[in-house]
Amino acid sequence: MKKDKNYYNHSLIEPKWQKSWEEKKLFSPDLKNAKNPYYNLMMFPYPSAEGLHVGNMYTFTGADVYARFNRMQGKDVFEPIGLDGFGIHSENYALKVGRHPREQAEISEKNFYRQLRAIGNSFDWTRTLETYDPNYYKWTQWLFVQLFKAGLAYRKKAEVNWCPSCKTVLSDEQVIVDKCERCSSTVEKRELEQWFFRITAYAERLLNNLEKLDWTEKIKIAQKNWIGRSQGCLINFQVVDLDCQIKVFTTRPDTLFGSTFLVLSPEHPICQKIDQKDVKDYVRKAHNISDNDRITEGKEKTGVFSGLYAINPVNSEKIPIWIADYVLMGYGTGAIMAVPAHDQRDYEFAKKYNLPIRQVIAPVSSSKYQVLSKKEEILNAKYVIHNTDIVEAYAGDGKILNSGEWSGWEVPKDMDMVIDWIEKKGFGKREVTFHLRDWLISRQRYWGPPIPMIYCKACHDAGRSWFTENKAALGEREVSSSKYQVLSKKEEILNTKYIIHNTEMNGWYPVLDENLPVLLPDVEDWKPRSASSARSGLANKTEGPLSSHPEFYETKCPKCGVTARRETDVSDTFLDSAWYFLRYTSVDTESVAFDRETVKKWLPVNMYIGGAEHAVLHLLYSRFITMVLNDLKFVDFDEPFTKLFAHGLIIKDGAKMSKSRGNVVIPDGYIKKYGADTLRMYLMFIGPFNQGGDFSDSGIEGMNRFLKKVWRLLSEAQISNLKFQISNQIPNDEFAKLDTKMHRTIKDITEDIQNFKYNTSIARLMEYYNVLFDFYTKYKIPASPAGRLDTKYCKTLVLLLAPFAPHMTEELWQRLKIKDLGLKNEEKNHQSAITNHKSIHVEAWPTFDEKYLVEDTVTIVIQVNGKKRSEFIVNSSQLKDEEKLKSQAQEIIKKYIEGKTIKKTIYVQGKILNFVV
RNA sequence: GCGGAUGUGGUGAAAUGGUAUACACGAUAGGUUUAGGACCUAUUGCCGUAAGGCGUGGAGGUUCAAGUCCUCUCAUCCGCACCA
């Protein structure tokens with residue numbers, strides 16, 4: 001490449017400013033005293049070892065443009081960065097390359113921070129954090145203890161998702177259909193005793209708060225669906241000849257008369273008690289197949305008759321109880337009342353097993369549903385109808401029939417009428433059910449914060465637990481959380497998700513605060529172990545690598561002082577990231593997790609930018625943890641992120657970048673060749689920031705060309721002190737045009753950046769450049785670019801460009817401030833000079849004036865019947881003179897309207913003149 | 001099945017109900033250059049010599065005027081999924 005004097009040497013200039021900004025702490029706000037705090041946060045990355053790819057760079061740059069824009073608006077912007085380097089994803093990579101996770105973390109950290117510096121973001125480099133740093137995870141463990149003491153962390157034996165490849169349990173949110181979120185292995189079901197966080201206690205609040213959040217709508221919808229609130233009715237069915245009731249949950253209590261059998265999930269407690277071979281076989285078989293197989297086996301329903309009957313409380317009918325795996329234990333009560341006429345699944349089941357079908361809803365006459373309504377005999381049937389011609393269930397509205405005193409009612413929208421009736425009779429009650437389940441927090445892995453809990457067998461045998469000694473504290477908690485209540489023994493059996501403080505908690509004590517952190521020991525055998533090799537201290541078949549290290553787990557009971565055993569599982573990596581935004585404000589404090597005053601000043605986060613893939617993972621967990629901290633009076637807000645913007649995804653060849661696909665694009669090569677500014681702008685130009693796009697390097701040359709053009713226009717080709725002379729040769733209206741264009745550009749770009757429409761912002765910059773270029777080319781003055789730069793037109797260009805191309809604009813800005821520097825220095829020195837002048841990135845963002853937005857002349861389009869036929873230019877002052885414009889226009893388009901009558905004329909001021917003929 | 005999104009030139013993509021394709025990429029021609037690159041100029045939705053016509057996945061509708069609003073429909077992508 002030929003290097004003339006005007007050559008923009010990005011490889012010299014970019015590192016120069018990156019170093020300068022960091023050294024001067026230009027982007028490190030004074031957290032205690034900032035007047036105008038603005039917390040601009042991008043979801044922190046987990047440092048994959050290939051390094052930062054352009055997908056990461058895309059999202060970070062997008063967030064950075066926003067931060068820089070706001071900083072120039074006069075806000076004290078805090079844009080921290082850190083690494084989410086604990087957890088399965090990092091450990092799996094370490095496994096792959098055969099390196100110890102700690103060693104790999106060091107390598108990744110170095111590489112990632114190097115890359116993050118090279119992209120030129122305005123990060124606060126004085127306040128970084130890494131989740132695997134003991135100074136950080138000490139407080140992650142502290143947080144766990146807080147949840148435990150609040151009764152929100154508990155152990156229970158439950159059917160959990162087990163990834164055979166990662167050799168650990170997973171939370172519901174980490175199972176995608178039936179595959180592990182990390183390695184895509186099919187997950188298995190295992191009955192294990194595990195630590196859970198009681199996020200379900202916050203289900204209602206997590207749902208209701210959504211309304212007040214200024215978040216991307218689709219994320220709110222995803223959370224809403226995941227929480228999955230449904231309102232309905234709990235109904236008790238007495239089991240015939242047994243002192244036992246079965247509770248079912250239904251959202252359609254109005255169809256109760258049509259319930260002709262009950263169905264239990266194979267995991268339902270009652271099923272375990274039935275001593276009947278076919279039942280036992282079925283239950284065992286159902287247990288052994290994965291959820292996905294249940295679904296994919298053609299959806300053919302299977303089941304078995306339990307031999308038991310129940311009484312339908314509304315009409316005292318004796319109805320059979322069946323067991324079928326289409327009923328899930330994890331939702332509702334694990335038992336349903338089947339209404340085959342009005343539920344498709346029940347219908348299919350009834351058809352297959354020849355069970356009675358009774359219609360109790362008559363479809364409204366306007367309904368598309370024909371099959372039921374045309375059958376007179378069905379409508380008139382009194383009671384049980386076997387195998388009628390009904391071909392599918394009808395789930396819509398209509399009139400209730402065959403239902404005793406309900407017959408003739410319209411199907412009520414909110415079911416209040418029906419539920420009130422049921423409650424009065426006393427065999428059921430109003431109930432709300434959620435899809436959300438408790439957060440399974442333990443992981444049988446190495447690379448995470450050890451769960452800071454201690455199990456003491458002596459205390460266990462004596463029936464002691466932390467709770468037995470702290471009942472009072474806990475009681476308070478129970479009152480403050482509406483949904484959280486201790487159920488009776490009986491309810492526990494039927495409703496396993498609410499098992500609280502039962503014997504499983506006996507013997508458990510949290511590690512004392514002064515003993516935190518529980519350090520993750522440096523062990524050689526850190527790899528996940530197969531179940532068979534696990535040494536069993538507890539009843540668990542499946543434990544993490546730390547369970548082979550007595551020097552780690554052997555400890556003293558905080559209560560009675562005898563030898564006790566530490567928990568050897570580590571916590572889920574999503575716990576690490578559920579509170580990091582708090583820690584950023586207090587990375588240096590050693591006495592608390594976060595400084596309350598600073599947090600109060602800076603949080604909630606003003607703008608959180610991140611990927612939509614975290615809709616039900618990180619974002620839900622962070623909200624939950626914040627609510628807990630709010631309840632425990634550690635923070636005074638209960639939502640962590642006021643605004644959330646979901647950016648798009650950069651894909652490559654139509655697919656998400658991933659190492660398995662081999663389509664990961666690393667930015668380093670592009671940065672080396674074109675510079676970070678070019679790549680930043682290219683990425684931002686691909687499309688709207690919330691849409692992402694396909695990465696191809698075809699357009700990158702063009703963007704580099706644009707930046708070089710700007711540089712050429714404004715850099716000092718010949719060093720000169722010539723001032724810009726306003727020459728008489730230049731007509732005044734040329735300046736008026738420039739002014740209009742400049743103010744228009746400021747307005748458009750300001751609005752576009754606020755809406756994350758970076759692509760059109762850049763387009764406007766290019767247009768503006770083109771106008772300036774034409775102007776300076778046409779008039780060939782001033783003689784020197786240095787003089788050009790010192791005009792408001794060019795300063796504005798540089799300022800507007802600054803958030804996108806921070807390095808080049810800084811260089812230009814500093815040259816402007818030291819115009820004479822070049823006279824004394826060689827070009828080389830010039831490019832490496834750092835000045836003490838105010839950085840462009842803290843200069844004021846240009847403002848526009850409405851009065852300049854009005855143009856002198858306007859083009860009016862002439863249409864005939866809505867079709868464009870011509871146009872003409874009118875002086876703005878004449879726009880109001882409608883009659884004159886009309887006659888002018890008619891003259892112009894004479895040939896189109898000759899011989900026709902004008903029926904109507906529509907004039908849109910300054911835009912369109914439409915003749916209807 | 002439910003929910004969300006997206007369909008516009010050769011490509012990435014613009015368009016408060018008001019000139020469809022801004023801004024780029026690519027392509028073609030010319031200039032400049034020892035050559036290549038870079039740079040500059042012009043052209044570039046489709047059909048047509050032209051006049052003109054046709055064009056925003058498809059079919060209707062509302063309107064003086066529809067990419068935009070309404071109804072139906074097709075395709076692709078992404079969530080969730082036997083949720084009672």
Side-chain angles (χ1 to χ4, degrees), chain A residues 1-2 4 176-178 216-222 224-226 228-230 232-233 248-252 255 259 263 265 291-292 294-295 299 301 324-328 330-339 342-346 348-349 395 433-436 612-613 615-616 648-649 651 654-656 682 685-688 690-691 693-703 705-706 708-709 712 757 759-770 773 777 859-871 895 903-917:
Chain A
M1 195 187 284
K2 204 156 91 184
D4 57 31
I176 313 299
V177 186
D178 69 328
T216 304
E217 204 55 35
K218 68 172 180 181
I219 301 234
K220 293 215 274 188
I221 291 167
K224 197 176 161 192
N225 291 341
W226 186 261
R229 182 185 200 273
S230 61
C233 189
V248 304
F249 174 74
T250 179
T251 53
R252 291 295 302 271
T255 62
S259 178
V263 188
S265 160
D291 270 4
N292 194 47
R294 278 197 192 183
I295 296 165
K299 283 201 172 184
K301 304 255 182 304
D325 64 6
Y326 79 91
V327 176
L328 309 174
Y331 186 77
T333 61
I336 63 159
M337 59 175 226
V339 184
H342 305 292
D343 181 284
Q344 189 59 26
R345 296 152 302 177
D346 298 343
E348 284 165 20
F349 193 77
T433 301
F434 295 93
H435 167 258
L436 183 72
E613 70 272 21
V616 295
L649 228 52
I651 54 175
K656 198 174 160 181
Y682 171 65
F685 192 60
I686 288 177
N690 61 355
Q691 266 173 40
D694 205 310
F695 184 87
S696 72
D697 43 19
S698 63
I700 210 166
E701 288 277 357
M703 192 53 77
R705 214 175 291 157
F706 172 67
K708 283 196 286 193
K709 285 195 282 191
R712 222 175 299 127
K757 290 165 78 179
N759 56 331
T760 49
S761 301
I762 293 171
R764 295 289 96 82
L765 275 169
M766 288 171 164
E767 278 181 63
Y768 182 55
Y769 163 83
N770 288 340
F773 179 81
T777 313
T859 305
I860 297 212
V861 171
I862 308 168
Q863 294 181 334
V864 177
N865 287 345
K867 280 205 167 97
K868 180 188 172 186
R869 290 304 181 186
S870 187
E871 60 183 34
K895 66 172 178 173
K903 281 195 285 191
K904 201 174 168 188
T905 309
I906 286 122
Y907 175 56
V908 181
Q909 193 170 327
K911 275 186 183 153
I912 293 254
L913 201 45
N914 189 13
F915 297 101
V916 186
V917 299

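Per chain, numbering begins at 1; letters A, B, ... match sequence-line order.
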Original post:
Would you say the side chain of K709(A) and the base of rC39(B) hold a donor-acceptor pair, judged only by whether the two atoms sit under 3.5 Å apart?
Top reply: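 When only heavy-atom distances are counted, K709(A) does not reach the base of rC39(B) through any donor-acceptor pair under 3.5 Å.
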Original post:
How far does the C1' atom of rG26(B) sit from the matching atom of rA13(B), given to the nearest Å?
Top reply: 14 Å
Original post:
Expressed in whole Å, how much space separates the C1' atoms belonging to rG9(B) and rU44(B)?
Top reply: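 Rounded to whole Å, the distance is 10 Å.
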**OP:** Identify which nucleotide among rC64(B), rC23(B), rA15(B) has an atom closest to any side-chain atom of T760(A), counting heavy atoms from C-beta outward.
**Re:** rA15(B)
Original post:
Which nucleotide, rC64(B), rA22(B), rG4(B), lies nearest any side-chain atom of I221(A)?
Top reply: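 Nearest listed nucleotide: rG4(B).
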**OP:** State whether a side-chain donor-acceptor pair under 3.5 Å links D697(A) with Y682(A).
**Re:** no
Contact class for [X] (heavy atom, under 4.0 Å): base, sugar-phosphate, or nothing?
X       : answer
N759(A) : sugar-phosphate
G228(A) : nothing
I336(A) : base
R229(A) : nothing
N770(A) : sugar-phosphate

According to the Watson-Crick and G-U wobble definitions, with both distances under 3.5 Å, which nucleotide is paired to [N]?
N       : answer
rG45(B) : rC54(B)
rG17(B) : none
rU11(B) : rA24(B)
rC82(B) : none
rU68(B) : none
rU6(B)  : rA75(B)
rA35(B) : none

Original post:
Mapping P688(A) and Y331(A) to their closest nucleotides on RNA chain B, which lands nearer the 5' end?
Top reply: P688(A)
**OP:** Could you say whether V916(A) or K218(A) is positioned toward the 5' end of RNA chain B, judged by the nucleotide with the nearest heavy atom to each?
**Re:**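 Looking at RNA chain B, the more 5' nearest nucleotide goes with K218(A).
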Original post:
Between rC40(B) and R705(A), is there an OP1 or OP2 to side-chain N/O distance shorter than 4.0 Å?
Top reply: no
**OP:** Give a yes/no on whether any side-chain N or O of K757(A) is located under 4.0 angstrom from OP1 or OP2 of rA15(B).
**Re:** yes
If you look only at distance, which donor and acceptor atoms sit under 3.5 Å apart when one is on a side chain in residues 905-917 of chain A and the other is two or more places apart or in another chain?
from, atom 1, to, atom 2, distance (Å)
Y907(A), OH, L879(A), O, 2.8
Y907(A), OH, G910(A), N, 3.3
N914(A), OD1, N865(A), N, 3.4
N914(A), OD1, G866(A), N, 3.0

Subject >> Partners meeting side-chain hydrogen bond (donor to acceptor under 3.5 Å, both in side chains) with R764(A) (sequence neighbours left out) >> reply: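 Applying side-chain hydrogen bond (donor to acceptor under 3.5 Å, both in side chains) to R764(A) gives E767(A).
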Anything under 3.5 Å between a protein N or O and an N or O of nucleotides 17-20 of chain B, put it in a table, one pair a line.
from, atom 1, to, atom 2, distance (Å)
rU19(B), O2, K868(A), NZ, 2.9

Original post:
Is it true that a side-chain atom of S259(A) and a backbone atom of T255(A) form a donor plus acceptor pair closer than 3.5 Å?
Top reply: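 Answer holds: no.
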Original post:
Which distance, rounded to the nearest 0.5 Å, do you find between the OG of S230(A) and the CZ of F434(A)?
Top reply: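 One finds 8.5 Å between OG of S230(A) and CZ of F434(A).
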